A.B. asks: 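What follows is a structure written as structure tokens; I'll ask about it next.
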Amino acid sequence: MDLIGYIDSKREEHLNELKELLRIPSVSTQSEHKPDIERAARWVAEKLHAAGLENVEIVPTKLHPLVYGESLHAPGKPTVLIYGHYDVQPAEPLDLWTTPAFEPDVRNGNIFGRGTADDKGQVHIHIKALESLRNTYDKLPINVKVMIEGEEEVGSVNLWDFVQSNRERLKADALIVSDTSMLAKGVPSITYGLRGLNYYQLEVTGPVQDLHSGVFGGAVPNPITILTEMIAKLHNRNFQVAIPGFYDDVSAVSRQERKALNALPWKEKEFRKTVGAAGLAGEKGYTIVEQLWIRPTLELNGIWGGYLGEGAKTVIPSKAYAKISTRLVPNQDPAKIAKLLERQIRKLLPKTVHCKFEVLSLGKPWVAPYTHPIFQKAIHSLQSGFGKKAVFIREGGSIPFVTQMHDTFKVPCVLLGFGLPDENAHAPDEHLALENYFGGIKSIALLYDQLAKP
Ligand code: BES
Ligand code: MN
Ligand code: MN
């Protein structure tokens with residue numbers, strides 16, 4: 001049987017196996033799920049082994065283990081390093097799921113469950129592509145090193161240590177990642193740019209303790225009022241970030257590249273429908289695609305303080321909090337941006353309150369030319385796997401590891417994403433289109449097959 005025939009014959013089997021992985025609630029940020037994380041790591045290791053990989057290892061880290069495996073029996077052929085993550089985001093709010101987050105369900109050509117698109121479904125695509133190649137040809141046509149981590153959703157905190165101390169072992173001609181999205185259904189895509197992510201937390205303290213708002217209100221600083229006033233000043237009327245110096249290092253995107261990005265078959269109507277708001281709000285002077293992919297932003301992710309329970313409680317709270325992030329584009333420097341934001345906040349802050357400014361994580365943006373010959377092979381493999389024209393896109397999300405690998409090892413990074421922007425990653429009813437799951441297995445298998453050929 002040929003490769004594609006083999007993959008087609010295994011559809012049911014592949015999907016059932018993916019469901020096993022989806023049933024493990026490997027939420028990396030919640031410590032009660034530690035045993036599930038361990039179980040997911042073992043599951044991945046077992047499947048890598050079953051796919052014919054050797055030296056399969058569950059590598060412990062200070063937090064969650066990563067899984068490594070390799071097959072190096074194609075002398076003279078290229079070596080790829082495949083990266084993905086088996087950890088997932090929390091499933092909350094649980095009541096908004098149509099079917100439970102960790103009980104995978106197939107409906108209308110989609111598989112639903114936490115991790116289907118981000119990233120278990122995509123990791124499984126690679127494992128099944130490798131297994132299919134091996135079962136069709138008896139051995140893999142190229143050399144592969146597979147590294148699947150369990151800390152991506154908490155910022156890949158320990159991954160880089162492992163990479164640094166295993167530089168030789170991880171050496172490859174290219175990095176292959178499936179943890180991004182396609183532009184739209186029927187438009188297989190390769191992502192050549194990601195934004196970087198900085199995450200911050202603010203704590204504003206007014207009175208030493210909560211106060212009766214009748215007895216004290218009118219004469220004391222309210223930290224919630226102060227925090228919200230300050231935050232309101234971080235954007236101007238044109239939705240630009242109002243931090244002096246914020247845009248200073250943003251590299252200009254060529255007219256030619258902007259033209260190419262704006263000419264992609266991207267549908268504004270569908271985007272508006274997915275967002276579902278009464279209107280959109282973005283930086284003036286840029287198209288939506290540009291706002292999402294090539295412009296930096298500052299976002300409020302959460303804000304709280306004071307009384308949040310049922311009914312009324314008259315109180316002037318002692319503290320107010322905010323979680324803020326900035327998405328960065330080349331050539332903004334994460335550390336510099338964090339300093340600029342802190343400086344602006346301190347400048348806006350009245351002397352009547354204290355403010356703790358914490359940087360939770362820093363992450364660089366990434367963009368790279370797609371001139372290396374591997375990109376043409378990747379485009380052709382996607383086109384054969386899907387029977388559709390493939391395109392090059394940038395995206396607004398962040399994968400810190402890609403930037404680190406590209407900066408350190410200067411390898412071409414090929415991001416073949418099989419999710420879709422409206423598949424609810426990180427949200428209730430996350431799903432993955434079955435056509436992209438099966439198309440993904442074919443495309444990846446075809447790519448590795450192609451890489452073995454001159
Ligand atoms: N797979 C995503 C990143 C992504 C999503 C890239 C869509 C491109 C398109 C990844 O799992 C993720 O969620 N990353 C986080 C950052 C991370 C440090 C927690 C993000 O982008 O918010
Ligand atoms: Mn992901
Ligand atoms: Mn994610």
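In listed order, ligands and their atoms are each counted from 1. Counting from 1, the numbers follow the sequence of the chain as shown. These figures come from a predicted structure and were not determined experimentally.
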A.B. asks: Under 4.0 Å from a heavy atom of Glu395: which atoms of ligand 1 are those, numbered in the order shown and with their elements?
C.D. replies: 8 (C), 9 (C)
A.B. asks: Could you say whether the N/O atoms of Glu152 and ligand 1 ever approach to under 3.5 Å?
C.D. replies: yes
A.B. asks: Could you tell me if Arg23 sits above the aromatic ring of Phe102, with its cationic atom closer than 6.0 Å to the ring centre and no more than 45 degrees from the axis?
C.D. replies: no
A.B. asks: Please identify which atoms of ligand 1 are closer than 4.0 Å to at least one heavy atom of Gly397.
C.D. replies: 6 (C), 8 (C), 21 (O)
A.B. asks: Is the closest N or O pair between Asp179 and ligand 1 shorter than 3.5 Å?
C.D. replies: yes
A.B. asks: Is the shortest heavy-atom distance from the side chain of Arg11 to the side chain of Tyr437 under 4.5 Å?
C.D. replies: no
A.B. asks: Closer than 2.8 Å to the Mn ion (ligand 3), which protein N, O or S atoms?
C.D. replies: Asp118 OD2, Glu153 OE1, Glu153 OE2, His426 NE2
A.B. asks: Who passes side chain to side chain contact (heavy atoms under 4.5 Å, CB included) against Leu197, sequence neighbours left out?
C.D. replies: Ser325, Arg327, Ser398
A.B. asks: Decide whether the shortest distance between a heavy atom of His426 and an atom of ligand 1 is less than 4.0 Å.
C.D. replies: yes
A.B. asks: For ligand 1, find out whether one of its N or O atoms is nearer than 3.5 Å to an N or O atom of His85.
C.D. replies: yes
A.B. asks: Leu197 heavy atoms, cut-off 4.0 Å: which ligand 1 atoms fall inside?
C.D. replies: 16 (C)
A.B. asks: Provide, to 0.1 Å, the distance between atom 3 (C) of ligand 1 and the closest protein heavy atom, together with that atom's residue and name.
C.D. replies: Ser398 O, 3.5 Å
A.B. asks: Is it true that Arg327 lies under 4.0 Å from ligand 1, counting heavy atoms only?
C.D. replies: yes
A.B. asks: Under 4.0 Å from any heavy atom of Thr180, which atoms of ligand 1 are there?
C.D. replies: 6 (C), 8 (C)
